[in-house]
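Please read the structure below before turning to the comments.
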Amino acid sequence: MHLLDNESGGHGLRPAAFTKASSVPKILADGRLPPPSMDHLDELEAQSIYILREAFARLKKLALLWSLGKDSNVMIWLARKAFFGRVPFPALHVDTGKKFPEMYAFRDRFGKEWELDLKIEPCPPIDAVDPTLPPAARSAARKTEGLKWALTKYGFDGLIAGIRRDEEATRAKERVFSPRGLEGGWDVRDQPPEFWDQFNASPPTGAHLRIHPILHWTEADIWAYTKRENIPIIPLYLSNDGKRYRSLGDQDITNPVASTASSIDEILTELDGTKVPERAGRALDHETEDAFERLRVAGYL
């Protein structure tokens with residue numbers, strides 16, 4: 001499905017080129033067209049678009065959480081495809097004020113080019129966060145509190161988030177439509193079954209759902225789709241002096257990993273052979289064993 005124009009494509013902040021059809025469909029001997037074929041990326045895209053449309057149809061007030069990284073940029077691209085070039089709900093950036101300059105430049109440029117209804121909400125100071133958390137987790141928890149403020153301010157009953165099951169063990173337990181409590185908390189022991197793409201889309205009054213359209217994707221899927229669609233990326237993902245970022249967060253708790261991959265093709269080759277976890281550069285993932293789960297239970301993304 002290629003419905004978007006070529007003005008906002010291009011990795012590394014370069015414009016994309018149109019993709020031309022490779023051939024005219026062959027007509028069978030009886031005059032019928034052959035059945036349509038879908039490759040792996042087509043199937044992922046179709047499932048994600050279905051999830052986005054289900055959320056939009058069944059919830060009253062949605063927002064898409066935009067963290068500015070590769071996953072949420074793919075999610076915005078999918079939302080634009082799902083709704084014919086326009087995202088019909090706000091893109092919400094819960095801003096810690098500690099992102100990399102390249103990330104803010106990306107937000108300012110593509111928030112305009114993609115014509116997003118961009119809402120930027122601040123996070124509280126570190127003093128407002130649970131002091132028993134280890135340092136990186138405590139810093140990350142500012143986003144949870146900022147998100148709670150935004151929920152109270154706007155009254156969203158659905159938040160679309162770009163998490164994936166393969167990122168981290170706790171996220172592997174998530175549902176596509178994940179209920180949250182009145183305080184935004186997540187009860188991992190009380191998750192609704194999701195058989196045959198039947199989703200629970202009825203949060204209690206005052207609570208909300210987290211919707212995860214790319215939960216079933218992998219890191220390699222994200223990069224392969226980004227390449228195919230020519231989705232813009234932040235240059236920090238590409239190697240510079242033998243290092244690059246695989247996962248982007250706040251400057252003070254995110255580090256690059258050793259890498260020579262300076263293109264998406266090279267990233268895909270690297271991923272095919274690496275045993276280094278995607279979040280190896282996140283300080284949060286190297287703290288106490290329960291730190292991330294404590295954050296998630298409290299409402300962290």
Considering only NZ, NE, NH1 and NH2 on the basic side and carboxylate oxygens on the acidic side, decide whether D157 and R58 come within less than 4.0 Å. no
What pair of heavy atoms forms the shortest contact from T254 to S247, and how long is it? CG2-O, 3.2 Å
In Å, rounded to the nearest 0.5 Å, how long is the span from CZ of R165 to CG of L215? 4.0 Å
Show the numbers, then the answer: is there a side-chain contact (heavy atoms from CB on, under 4.5 Å) between V257 and T274? CA-CA 12 Å; V257 298; T274 189; over 6 Å; no
Would you give the length of the straight line joining atom CG of L41 to atom NZ of K227, rounded to the nearest 0.5 angstrom? 10.5 Å
With respect to H93, which candidate in K119, E121, R107 satisfies the side chain to side chain donor-acceptor pair (under 3.5 Å) definition? R107
Just checking, is any N or O donor in the side chain of T218 or D221 under 3.5 Å from an acceptor N or O on the other one? yes
Hey, do the aromatic rings of Y245 and F100 have their centres closer than 6.0 Å? yes
Using a distance-only test with no angle check, is there a side-chain donor-acceptor pair under 3.5 angstrom linking S72 and S67? yes
Closest contact, heavy atoms only, E54 versus F177: CB-CZ, 4.1 Å
Residue among L151, I211, L59, L209 satisfying side chain to side chain contact (heavy atoms under 4.5 Å, CB included) with L159: L151
Report yes or no: do E266 and T260 form a side-chain donor-acceptor pair below 3.5 Å? no
Pairing donors with acceptors under 3.5 angstrom, does anything connect the side chains of R210 and H212? no
Between E270 and R244 (salt bridge meaning N to carboxylate O under 4.0 Å), is one present in this structure? yes
When rounded to the nearest 0.5 angstrom, what is the spacing between CG in L44 and CD1 in I49? 11.0 Å
Side chains of S48 and H216: does their closest heavy-atom pair fall under 4.5 Å? yes
Note: R80-E229 ion pair, threshold 4.0 Å (strictly below): no
Can any side-chain N or O of D42 pair as donor or acceptor with the backbone N or O of D39 at less than 3.5 Å? yes
State plainly whether the residues E115 and R86 are in salt-bridge range, i.e. N to O under 4.0 Å. no
Under 3.5 Å, side chain of K70 to main-chain N/O of T226, donor-acceptor pair present? no
Value rounded to 0.5 Å, distance of CD in E102 from CD in Q251: 8.0 Å
Sole residue of I163, I160, D71 in side chain to side chain contact (heavy atoms under 4.5 Å, CB included) with I214: D71
Do L62 and W149 share a hydrophobic cluster (ILVMFWY, side-chain heavy atoms under 4.5 Å, transitive)? no
Salt-bridge test for D252 and K99: reply yes if a basic N is under 4.0 Å from a carboxylate O, no otherwise. no
Side chain proximity check, Q47 to E43, heavy atoms < 4.5 angstrom: no
Assert yes or no for the condition that the ring centre distance of Y225 to W77 is strictly below 6.0 Å. no
Indicate, with yes or no, if Y104 and L118 share a hydrophobic cluster defined by side-chain heavy-atom contacts under 4.5 Å among Ile, Leu, Val, Met, Phe, Trp and Tyr. no
Between K143 and D250, does any side-chain N to carboxylate O distance fall below 4.0 Å? no
How many angstroms lie between atom CD1 of I76 and atom CG of N73, to the nearest 0.5 angstrom? 6.0 Å
Decide, yes or no, whether a salt bridge links D241 with K243 under the criterion of side-chain N to carboxylate O below 4.0 Å. no
Quick one: pull up CZ in R53 and CZ in F83 and give me the separation to the nearest 0.5 Å. 7.0 Å
Tell me whether W66 is reachable from I120 by hopping between hydrophobic residues (I, L, V, M, F, W, Y) whose side-chain heavy atoms are closer than 4.5 Å. yes
Between P124 and E145 the two heavy atoms that sit nearest each other are CG-CB, 3.4 Å
